[in-house]
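All chains are named by letter (A, B, ...) in the order of the sequence lines, taking the proteins before the strands, and each is independently numbered beginning at 1.
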Amino acid sequence: MRDESQPALEAVSQNGSSAVATARPLPTNLAVKCPNCRELLVAKDLEKNVKVCQRCGHHFKLSAWERIQLLTDPDTFKEFAEELRSADPLSFVDRTTSYARSVADKRAKTGLEDAAVVGRARVDGLPVVLAVFDFNFIGGSMGSVVGEKLTRAIEMGERERTPVIIVSASGGARMQEGMYSLMQMAKTSAALGRLAEAGVPYISVLTDPTTGGVSASFAFLGDVILAEPGALIGFAGPRVIEQAIHQRLPADANTSEFVLAHGMIDAVVHRRDLRAELARLLRLYRAAETVAH
Amino acid sequence: MRDESQPALEAVSQNGSSAVATARPLPTNLAVKCPNCRELLVAKDLEKNVKVCQRCGHHFKLSAWERIQLLTDPDTFKEFAEELRSADPLSFVDRTTSYARSVADKRAKTGLEDAAVVGRARVDGLPVVLAVFDFNFIGGSMGSVVGEKLTRAIEMGERERTPVIIVSASGGARMQEGMYSLMQMAKTSAALGRLAEAGVPYISVLTDPTTGGVSASFAFLGDVILAEPGALIGFAGPRVIEQAIHQRLPADANTSEFVLAHGMIDAVVHRRDLRAELARLLRLYRAAETVAH
Amino acid sequence: MPYDLDFERPVAELERRIQTLQRRGERMRPDDRAQVATLEREVQRQTRELYRSLSPWQRVQVARHRHRPQTSDYIRLMCDDFFELHGDRRFGDDRSIMGGIASLDGRAIMLIGHQKGHDIKERQECNFGMPHPEGYRKALRLMTHAERFHMPVVTFIDTQGAFLGLEDEQRGQSQAIAENLLVMARLRTPIVATVIGEGGSGGALAIGVADSLLMLENTFYSVAAPEAAATILWRDASFAPDAAAAMKIGAPDLRDMGLCDALVPEPVGGAHRDHEMAAAHLKAALNEHLDELTRVPTAILLDRRYAKFRNIGVYARPVPATVD
Amino acid sequence: MPYDLDFERPVAELERRIQTLQRRGERMRPDDRAQVATLEREVQRQTRELYRSLSPWQRVQVARHRHRPQTSDYIRLMCDDFFELHGDRRFGDDRSIMGGIASLDGRAIMLIGHQKGHDIKERQECNFGMPHPEGYRKALRLMTHAERFHMPVVTFIDTQGAFLGLEDEQRGQSQAIAENLLVMARLRTPIVATVIGEGGSGGALAIGVADSLLMLENTFYSVAAPEAAATILWRDASFAPDAAAAMKIGAPDLRDMGLCDALVPEPVGGAHRDHEMAAAHLKAALNEHLDELTRVPTAILLDRRYAKFRNIGVYARPVPATVD
Ligand SMILES: [Zn+2]
Ligand SMILES: [Zn+2]
């Protein structure tokens, strides 16, 4: 898990003072500095452009609910497993705070119960089971709640023969739940194994960032794997690798484009096309399903 | 197919005149020059040392019958499909000779009917179906007869749940049978697909040389793949590659040791250990079979 | 599209005469117009004549024509949708083999084909249609994907052969091809392969183990490229035309030998003269074969496919092969 | 074998005194001998005491002890035969994971384990036990091989973690680990995994999805190496002992949490003090678990394995998970 203190959005108010923003809608009077091209963008325009920098195409992080809104038909998303809560199984006490307090903080700040939201929905009329990460919640890290939610989503897809889409944005496993977190990698992968045996499609969408235990489990197990442009994708982050091998990495290392070039994913898809591309895939799978059954 | 005119054994009689020898037992009064270290070896000693150079370990090519003698328990090899003969399906006329005449020549010279001999046998008491190539027969090339013999051997292994061993020594497909030859790659691979589904082991032994269509089909489909030291192994021979990429290759390119280092085979086994190593594997598979059935 | 092959020279000459006349534009006289019409009919007649009796070597040249439609052209012209998939999930994305999920008249198929490239840039990116091991492994991934979702596999063959390089040996060119042969032989979904241009050796067969093998009528399929065969047999690549003749590599030869299941007609003068018509013919043939194959229960399909390859080969004193 | 860990210093001091006395050789007096005997009993007593209550960080040090037996040692000491298999058939042969067909009291098994290496040369060849993607792909190949021939899979976990390098990213470290998790979860043959030293993160789990997870008693298994966890949590690797304690990574912790199915006893003072005895304990445990698992019909085995991982996780307001 890389719980980067770097905020999802670096917001600068028009009078020049800096403020950390969550990924929720910004006050319209703000300007936002693009972390890639340094352009000052009007927040309202940025929102309209699905949070993609109009100048350089940088994809800002989306919250789980923004992502759901982007991808699903209006009013079709029906959340489930929303009652699950972290239980602090190790009674984990940090050097400065406790896991319980961190979770409470993040809940208050994000309005989420944990780092993933799962539900049924429709995309261009076609039914899907959708799971979406939110990086704002402890770096999108996967503990027991996230693992359980994803597993229930995958099992629902299997049971109802409905395609599963998981949109990842995560630094990896959640340290504060120790081995329970690591084992969620096995748990979700096992569920995907049964989904594959049942011949139900699973589309994995990688967004910035997808690393660690999340990338090394369900995220890289998609029948089709898509990624948003410029996302950090890899087992380790570039800084970790640089420390390990004592070398500077090329600038494009561990980006979406890098993993595409190395044969690890199927396509890099611009955010504005993502919904249409998913719909196209879903229609093709549905055509295959119709013939087969 | 690389029908190298370079003979399998370069023999030099003791008075210094040169003679091309087949791989059959040499007159004991001959000395043989090792093509690797250039040492003059006494033919009788070389025979005793399973045709491995005493000085440098170079493995001379073996004829099919020498190989069968090396690997199987005495008097246990029972050949089958020995009645098959090339039929010259394309009425192939060479610029200098005809395919029919080439085959007749090779028959006379080698005493073989085609480039592979197949049969039932025992190795250290354990039953196997064994197929062995002879490079002296048109470069060990695979046409319809070789493909049919191998396929019958593999099918017999499947039917009788007996492990299959194929010892390759071949330049690839036989040009003179055109597409019939290419399709033997698919035919033998299809038979191996059924063998694998039946859970019957197939051990592939690569000897000098194993290239072209033989390497790109059954030879690289072994559950376990062994190779004799220093054998030429690869899709293309080094000279072909050098022509294609206009570069000199490293000296060890496309040797047994090279493909081992690149993860393509399981072990390089000295000829004197080959029979024992096969027996060891057969016993392990038999132990698994006993538990499973 | 100009007539630019050696053996088309008489037709090219007729074309030049037509062009000379047409260059007069408004100054063309009535009998000029009549002459143009006559010449155009003659072009048609001579083209038809030439292509009716292509020599083996002429067929090789047509099959390799640089304006011949490629996998990407057929996809564009035949499919109502195509979602390209990339990468072998192991090492790289080899553009000499392209593939993805396509919709063919509403039927979802996995479409995989060699791609040689059109302009020089694309040709380099596609390594001139000569795959590396990762290309075959991408194809393998797509085929098992198709099996999982009950999509028929449709492949287009158009390669001089697998690439021969040191890195290809290092990454297991032989292993990659061999594995594809085995997996295709046992894949639990229908497979239709079509030679759309060059069928070169193991590098072609690696996506060619199919229930139905179609060939466009002006294509060839050979155990080795004619140049390579000539080198192997006579140590001189310039005897390639002799090798092409001796090895009986043309589509009609293979149909006569029973190795090719159906010829797909090409427009007069070759597929490169009319991409749309070539694609229409191919699409019709594919639909016909897919209609039939998708009706066959999987177990029977696999037994038939096995028997098909099992029985290839001609030898004397044959004992009848039995397949259960 | 000298006592060389920090916390063993009191015992090391006793050993030094024994050695000083023994250096007198024939000049040793009767009361010297008596003292040696007393000291040796004291060494035993104190060692037992120390190892009975290892702190989390002490356990990490023992698990990483450079003289601890490794996969190759256990193979030599436990198996009546071992045929090593090499290579992933894709790219390379990664010596940080070794594997092959072994005979364990006459039972054929597929044995796969991390190998850190003994001397510096072997350690470099083994990349200090940190696998590249091709290591995981070799393990995958061997596991599907085992499935085909109905051999149980036995894995030994002993790694700091998967290697973190640019080339590993290029060749898909994440993909390789992920694929192993899925395939192991559905492999149609029994799997027993044992942590014999360090259980480091996803790089350990990639050969650890098993019907039975055993741990040698002085080992640990962690979502991240303690140093890495300390860096992630507090940006300071020197807090590794705190991370080790907070994350409850010791074998007894995991047994108490129900994540580890059985502890395998070690000789007094750790497995490194007596390789033979460590191997004997491990062999007995493996045989016990294999005896039981090989009796279970495959369909039930797979359902049980699924349920086992399905039910891992602790959360509030849980709705009972149902597995069919
Ligand atoms: Zn920007
Ligand atoms: Zn020598």
Side-chain angles (χ1 to χ4, degrees), chain A residues 1-3 81 83-87 89-90 92-96 144-145 147-148 151-152 173 175-187 189-194 196-197 212-213 215-221 234-236 240-241 244-245 247 249-250 253-254 258-259 262-264, chain D residues 162-166 168-186 199 201-206 208-209 221-224 228-229 231-234 239 242-243 246-249 253-254 257 259 305-306 309-319 321 323-324:
Chain A
M1 186 217 69
R2 304 177 329 113
D3 181 4
E83 71 282 6
L84 303 186
R85 301 281 184 280
S86 289
L90 307 185
F92 193 94
V93 179
D94 205 316
R95 298 178 57 81
T96 49
S144 296
V145 170
E148 178 67 19
T151 303
R152 288 196 196 172
M175 293 300 120
Q176 297 90 338
E177 295 189 24
M179 282 299 285
Y180 290 111
S181 295
L182 188 74
M183 290 297 169
Q184 303 308 309
M185 294 169 64
K187 173 170 165 172
S189 301
L192 287 172
R194 300 223 311 195
E197 285 171 11
S215 87
S217 58
F218 58 86
F220 266 107
L221 291 172
F235 186 57
V240 177
I241 297 174
I245 64 174
Q247 278 180 26
L249 293 185
N254 291 23
F258 174 94
V259 290
H262 288 98
M264 297 301 151
Chain D
F163 190 67
L164 309 174
L166 179 61
D168 301 83
E169 299 289 341
Q170 291 173 334
R171 298 199 294 272
Q173 191 67 283
S174 288
Q175 193 281 338
I177 293 171
E179 186 165 356
N180 279 20
L181 302 185
L182 186 149
V183 171
M184 291 187 86
R186 305 306 295 162
S201 188
L205 184 63
V209 180
Y221 194 176
S222 178
V223 63
T231 305
I232 292 167
L233 290 164
W234 308 304
F239 290 126
D242 301 72
M247 293 198 298
K248 301 197 170 56
I249 62 180
D253 300 313
L254 267 70
M257 289 189 264
L259 298 177
R305 191 187 304 152
Y306 186 77
F309 287 94
R310 174 69 189 82
N311 293 323
I312 295 178
V314 178
Y315 44 84
R317 284 223 260 160
V319 175
V323 176
D324 42 18

- Heavy atoms only: give me the nearest A:Met264-D:Gln170 pair and the separation to one decimal. CE-O, 3.6 Å
- Task: Sort D:Leu259 into side chain, backbone, both or neither according to what part of it lies under 4.5 angstrom from a heavy atom of chain A.
- Result: side chain
- Picking from D:Lys248, D:Glu179, D:Arg171, which has the most non-hydrogen pairs under 4.5 angstrom with chain A? D:Lys248
- Message: Show the nearest heavy-atom pair for residues D:Leu233 and A:Met175, with the distance to one decimal.
- Response: CD2-CB, 3.9 Å
- Message: Between A:Leu90 and chain D, with a heavy-atom cut-off of 4.5 Å, which part of the residue counts as in contact: side chain, backbone, both or neither?
- Response: both
- Check whether any side-chain heavy atom of A:Phe258 sits under 4.5 Å from a side-chain heavy atom of D:Leu166, and report yes or no. yes
- Note on the structure: Among D:Ser222, D:Ala176, D:Gly208, the residue with the most heavy-atom pairs under 4.5 Å to chain A is D:Ser222
- Message: Out of D:Val183, D:Val314, D:Asp168, return the one with the most heavy atom pairs under 4.5 angstrom to chain A.
- Response: D:Val314
- Under 4.5 Å from a heavy atom of chain A, the part of D:Met184 involved: neither
- Item | A:Val259 side chain reached by D:Gln175 side chain, heavy atoms, under 4.5 Å | no
- Message: What part of D:Arg305 gets within 4.5 angstrom of chain A, counting heavy atoms only: side chain, backbone, both, or neither?
- Response: neither
- Taking all non-hydrogen atoms of both residues, which atom of A:Ala216 and which atom of D:Leu181 are closest, and how far apart? O-CD1, 3.6 Å
- Message: Once rounded to the nearest 0.5 Å, what's the spacing between atom CE of D:Met247 and atom CD of A:Gln176?
- Response: 9.5 Å
- Query: Does any N or O in the side chain of D:Glu169 come within less than 3.5 Å of the main-chain N or O of A:Ala236, such that one atom is a donor and the other an acceptor?
  - Reply: yes
- Note on the structure: Looking only at heavy atoms, the pair that brings D:Val223 and A:Ala173 closest together is CG2-CB, 3.5 Å
- Message: To the closest 0.5 Å, what do you measure between CZ (D:Phe309) and OG1 (A:Thr151)?
- Response: 12.0 Å
- Which atoms of D:Leu254 approach chain A - backbone, side chain, both or neither, heavy atom under 4.5 Å: side chain
- For chain A, which of D:Ala185, D:Ala246, D:Ala204, D:Gly202 has the most heavy-atom pairs under 4.5 Å? D:Ala246
- Considering only heavy atoms from C-beta outward, does the side chain of A:Met179 approach that of D:Ile249 to under 4.5 Å? no
- Message: How long is the straight-line distance from CG of D:Asn311 back to CD of A:Glu148, given to the nearest 0.5 Å?
- Response: 8.0 Å
- Item | A:Gln247 portion near chain D, given a 4.5 angstrom heavy-atom threshold | neither
- Task: List the atom of D:Ser201, the atom of A:Leu182, and the distance in Å for their closest heavy-atom pair.
- Result: C-CD1, 3.7 Å
- Query: So which heavy atom on A:Met183 is nearest to which on D:Leu205, and how close?
  - Reply: SD-CD1, 4.0 Å
- Message: Between A:Ser86, A:Ser215, A:Ala196, A:Pro89, who has the most heavy-atom pairs with chain D when the cutoff is under 4.5 Å?
- Response: A:Ser215
- Between A:Ala253, A:Ala190, A:Ser181, the one whose heavy-atom pairs under 4.5 Å with chain D are most numerous: A:Ala190
